[in-house]
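Below: one structure, written as C-alpha cells.
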Protein chains: 2
Amino acid sequence: MYKPTTIKDIAKALGLSTSTVSRALRDSYEISEDTKRLVMDYAEKINYKPNPIALSLKERRSYSIGVIVCEVANSFFSQAINGIESIAYKKGYHVIISQSHDSYEREAINVQHLANRSVDGLLVSMSAETTDISHLQRLHEQGLPMVFFDRIVEEIQTHKVIVNNKKGAFEATEYLIKEGQTKIAHLANAPHLSITPERLEGYKMALQAYGLPFNEDYVQYCHHGGLIYEEVEDAVKKILQMPDKPDAIFVASDRLSTGCLTALRKFNPGNIHNLSIAGFSNSAVINLLQPSISYVHQPAFEMGQIAIEMLIQLIESNKPVKEFITRVLDTKFFPNKDLTEIKVDTIGS
Amino acid sequence: MYKPTTIKDIAKALGLSTSTVSRALRDSYEISEDTKRLVMDYAEKINYKPNPIALSLKERRSYSIGVIVCEVANSFFSQAINGIESIAYKKGYHVIISQSHDSYEREAINVQHLANRSVDGLLVSMSAETTDISHLQRLHEQGLPMVFFDRIVEEIQTHKVIVNNKKGAFEATEYLIKEGQTKIAHLANAPHLSITPERLEGYKMALQAYGLPFNEDYVQYCHHGGLIYEEVEDAVKKILQMPDKPDAIFVASDRLSTGCLTALRKFNPGNIHNLSIAGFSNSAVINLLQPSISYVHQPAFEMGQIAIEMLIQLIESNKPVKEFITRVLDTKFFPNKDLTEIKVDTIGS
DNA sequence: ATGAAAGCGCTAACAG
DNA sequence: CTGTTAGCGCTTTCAT
C-alpha cells in the first residue's frame with residue numbers, strides 16, 4: 001500500500017510538534033535556524049513531499065486548471081494544449097486535460113468532474129453537440145473562473161480567445177475564386193458552434209465580393225464536427241453528386257479537412273472531378289496530403305498561451321473582474337503551391 | 001469567489017446533523033425514508049456535489065490515474081489514451097494526462113507531480129531521453145501501482161503491455177524485400193527505448209532470412225524520438241547521401257514516419273530516388289500521405305484498455321500482487337497497395 | 001521559539 | 001433512526 005510520509009512522521013522522528021515542522025518547512029521566521037536545518041535535512045533525506053490534496057482542502061484551491069476540448073488527437077487542439085502547458089507550468093499550475101469527443105453529455109460530465117476536483121479555473125472549447133450551456137453557466141455564476149477559446153459561447157461574460165474566422169474563411173474562399181473556381185461548396189461544422197456562422201459568413205462575403213451567387217445547397221453541415229467519419233463522407237458524397245457539381249470545396253475545420261480528403265480519395269480517386277480544396281487545418285502533415293489542399297492555419301499555440309494567461313489573471317485577481325476582453329488573432333493562409341503540378345499527375349493516372 | 005455548497009450547508013438548512021445528511025446521501029439503511037427523501041431532494045435542488053478533495057484526503061485515494069506519454073499530438077498515443085479513458089470512466093476513475101515531450105526532465109517532474117497529486121496509479125510510456133529511471137523506481141518501491149505500455153522498462157517489476165515489435169518490424173522489412181528492394185535503411189528511434197532494439201532485431205532477422213547483408217551504416221538513430229524534426233531530416237539526408245544509396249527505408253515509429261516523409265518530400269521531390277517506405281504508424285491520414293507508405297499498425301486503443309485494466313486490478317487488489325504479466329499484442333501490416341501506380345505518377349513529374 | 005488546538009469537507013465508529 | 005466525535009494532512013491562530 002502506497003503511503004507517503006507526512007509531517008507527522010517527521011515530527012515524531014524529530015521529537016517536534018507538527019506545527020513546528022510545518023513552519024520550518026515553509027522557512028518561517030519564527031523558527032530557529034537549527035531547527036529549520038534539522039527539519040529540512042530530514043525531509044530531504046526521506047524525500048518528503050507535502051500532500052497537495054490536504055493543501056487543496058485547506059486553501060480551497062488546487063493550483064490546477066482544467067482544459068476541455070473535443071479531442072486531443074487533433075493538431076489544432078494539441079498545439080493549443082502545448083501553448084497552455086508552456087505558461088501554466090511556468091506559473092506553477094498543473095493542467096488537467098479532458099476530452100468531450102464532441103458529445104454534450106461527455107462535456108457536461110467532464111466539466112462537472114473538473115469543477116468538483118477543485119480546479120481553480122477552466123479553459124473551454126465547446127463541443128460540437130452542445131446547445132444547452134447551463135452546466136457552464138451555473139459554474140460561472142458560482143464564480144468559477146473560465147476562459148473560452150476557439151469555440152466560444154456568447155452568453156457567458158468572460159475572457160475569450162478566437163481567430164478572425166471571417167477573414168480566414170474569406171481568404172480561403174477568395175483563393176479558390178482567384179484560382180478560377182466558380183462553384184464552391186462549403187463543408188461546414190456543427191451549426192451551433194460559434195465558429196460555424198463566422199466561417200460561413202466569410203465564405204459568403206468572398207462569393208459576394210467576386211459576384212458569385214450563394215447557393216444554399218452548397219453548404220453541407222457536419223453535426224458532430226466530423227468526429228464521426230461517416231457524416232463527412234455523406235456530406236462529401238452529396239457534394240459530388242449535386243446536379244450542378246461544385247468545382248471546389250471550402251472546408252471549415254481541421255478534422256473535416258482530413259475527413260474530406262479521405263472521402264475524396266475514396267469517391268474521387270485521382271481527382272477525376274478536378275476538385276480544388278481549401279480548408280482550416282493545423283495538421284503537421286498537411287503538406288504531405290494527397291489530394292493536396294490549401295489551408296488556413298490558426299495560431300493554436302499562441303491561442304493556448306493567451307487563454308491560460310487570461311485565466312490565471314482571473315484566478316489570481318483579488319477584486320472581481322468586470323471588464324472582459326475577446327482577443328481576436330489572425331489566421332494565416334497557405335496556398336497549395338504545387339496544385340497544378342499534382343493535378344497533372346493525378347489526372348494522368 | 002467560487003464556493004460550492006457543503007454537507008454542512010444542507011445540515012444547517014434542514015436542521016440535521018452532518019452525519020445524518022452524509023448517510024442519507026449515501027442511501028444508508030439506517031436513515032428513514034422520509035429523511036432520505038428530504039435530504040436528497042434538497043441536495044438535488046441546490047445542486048450539491050460532494051467535494052472529492054475531502055474524500056481523497058479521507059480515503060487516501062483519489063479515483064484518478066495518471067498517464068504519462070511523450071505527446072498527445074501523436075495518433076498512437078491519442079488512440080491509447082482513448083482506450084484508457086473508455087475503461088477508466090466506466091470504472092469511475094478520472095484520467096489525468098501528462099506529456100513528457102520526450103524529455104527526461106519533464107518526465108521526472110510530471111511523474112512526481114502526478115504522484116503528489118495522489119493519483120492512485122500510473123500508466124507510463126517512457127520518454128525517448130530517459131535512461132535514469134530512479135524517479136519511477138522510487139515510487140514503485142513505495143508501492144505506487146504502475147503499468148508500462150509500449151515503451152517499457154525492464155528493471156521495474158510490474159504489468160506491461162507491448163506489441164510484438166520484432167514481428168511487426170520483420171513483416172515490414174520482409175515486405176520491402178519481397179518488393180525487390182535489397183538495400184534497406186532503418187530509421188530508428190532513441191537507442192535506449194525498449195522498442196528500439198526490438199524493432200531493429202526484427203529488421204535484422206528479415207534481412208538475414210532473405211540472405212541480405214546487415215549494414216551498420218544503414219541504421220540511423222533519432223535520439224529525441226523525432227520530436228525535433230531536424231534530427232529526422234538529418235538522418236534522412238544521411239541516408240540519401242550514402243555512397244551505396246538505399247532503395248528503401250524501414251521507419252521505426254509514427255512520429256518518425258511523418259518526419260521521414262516530410263524530409264523525403266523536401267530532398268526527394270517526386271520520389272526521384274524511387275524510395276520505398278514502410279514504417280510503424282497509427283496516423284488516421286496515413287493513406288493520404290504522399291510519398292505513400294506501407295505501415296505497421298499497432299492496436300493502440302486496445303493497448304490502452306488492457307493497460308488501464310491491469311492498473312485498476314493492481315490498485316484494487318487487496319493483497320500485494322506478486323505475479324506480473326507482460327501482454328504482447330500483434331501488430332497489423334498494411335502494404336501500400338497503390339505503390340507502383342503512384343510511383344509511375346511521380347516519376348513522370 | 002515552540003506547542004496545542006481548530007478547521008478545510010467528509011465519513012464512520014460510537015452513543016444514544 | 002439520529003447525533004457526537006475523531007481523524008485524513010496541513011496551516012494557522014492562540015497560547016506559552
Side-chain angles (χ1 to χ4, degrees), chain A residues 1-40 42-43 46-64 112-113 115-120 142 144, chain B residues 1-40 42-43 46-64 92 115-120 142:
Chain A
M1 178 51 189
Y2 180 58
K3 176 126 177 43
T5 47
T6 74
I7 238 173
K8 220 182 196 168
D9 298 329
I10 301 182
K12 203 181 299 172
L14 264 38
L16 293 167
S17 77
T18 58
S19 39
T20 304
V21 174
S22 171
R23 276 184 281 240
L25 289 170
R26 335 200 87 244
D27 203 17
S28 161
Y29 66 96
E30 22 179 23
I31 301 292
S32 74
E33 283 306 317
D34 290 356
T35 311
K36 275 188 198 169
R37 191 159 334 271
L38 181 70
V39 171
M40 285 178 166
Y42 185 73
I46 64 170
N47 188 37
Y48 165 80
K49 300 280 183 232
N51 180 336
I53 299 279
L55 271 174
S56 294
L57 183 60
K58 182 119 193 61
E59 297 184 12
R60 261 92 140 277
R61 66 177 297 185
S62 60
Y63 282 98
S64 67
Q112 190 62 58
H113 199 120
N116 286 349
R117 282 225 73 77
S118 300
V119 293
D120 298 340
Q142 287 177 39
L144 181 67
Chain B
M1 177 53 188
Y2 181 58
K3 174 123 177 47
T5 47
T6 74
I7 239 172
K8 220 181 196 168
D9 299 329
I10 301 182
K12 204 180 298 171
L14 265 37
L16 293 168
S17 76
T18 58
S19 42
T20 303
V21 174
S22 171
R23 276 184 281 240
L25 289 170
R26 334 199 92 240
D27 203 17
S28 162
Y29 66 96
E30 22 178 25
I31 302 292
S32 75
E33 284 304 320
D34 291 355
T35 312
K36 275 187 197 170
R37 190 158 336 268
L38 180 72
V39 171
M40 283 177 168
Y42 185 74
I46 65 169
N47 188 36
Y48 166 80
K49 300 282 183 232
N51 180 335
I53 299 280
L55 271 175
S56 294
L57 183 60
K58 181 125 193 57
E59 297 185 12
R60 260 92 140 276
R61 64 178 299 185
S62 60
Y63 282 96
S64 68
N116 286 350
R117 280 224 74 75
S118 300
V119 293
D120 297 339
Q142 287 179 41

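Numbered from 1 within each chain, the chains take letters A, B, ... in sequence-line order.
The CZ atom of B:R26 lies 11.5 Å from the CZ atom of B:R23; values are rounded to the nearest 0.5 Å.
At the phosphate of C:dC8, neither OP1 nor OP2 sits under 4.0 Å from any side-chain N or O atom of A:S56. Of the side-chain N and O atoms in B:T35, none sit less than 4.0 angstrom from OP1 or OP2 of D:dC1.
Contact annotation: the side chain of B:L55 never approaches that of B:Y63 to less than 4.5 Å [non-hydrogen atoms, C-beta and beyond].
What separates CG of A:L14 from C1' of C:dG3 is a distance of 15 Å, to the nearest Å. In this structure, the CG atom of B:D120 is 15 Å from the C1' atom of D:dC8, given to the nearest Å. Atom CZ in B:R61 sits about 15 Å away from atom P in C:dT11, given to the nearest Å. Remark: P of D:dC1 and CG of B:D27 are 13 Å apart, rounded to the nearest angstrom.
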Assign a letter to each nucleotide of nucleotides 9-16 of chain D from its 5' end: B, base within under 4.0 Å of a protein heavy atom; S, sugar-phosphate only; -, no contact. BBBBB---
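At a threshold of 4.0 angstrom between heavy atoms, the contacts of A:L16 are confined to the sugar-phosphate backbone, with no base atom among them.
Contact between A:K36 and A:I31 at its shortest, heavy atoms only, is CE-O, 3.4 Å. Annotation for B:Y48 and B:L25: closest pair CE2-CD1, 3.6 Å, computed over non-hydrogen atoms.
Side-chain N or O atoms of A:D120 include none that pairs as donor or acceptor with a backbone N or O of A:R61 at under 3.5 Å.
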Contacts under 3.5 angstrom, residues 9-21 of chain B side chains, donor-acceptor by atom type, not counting sequence neighbours:
residue	atom	partner	partner atom	Å
B:D9	OD2	B:T6	N	2.8
B:S17	OG	B:S19	OG	3.1
B:S17	OG	B:T20	N	3.2
B:S17	OG	B:T20	OG1	3.0

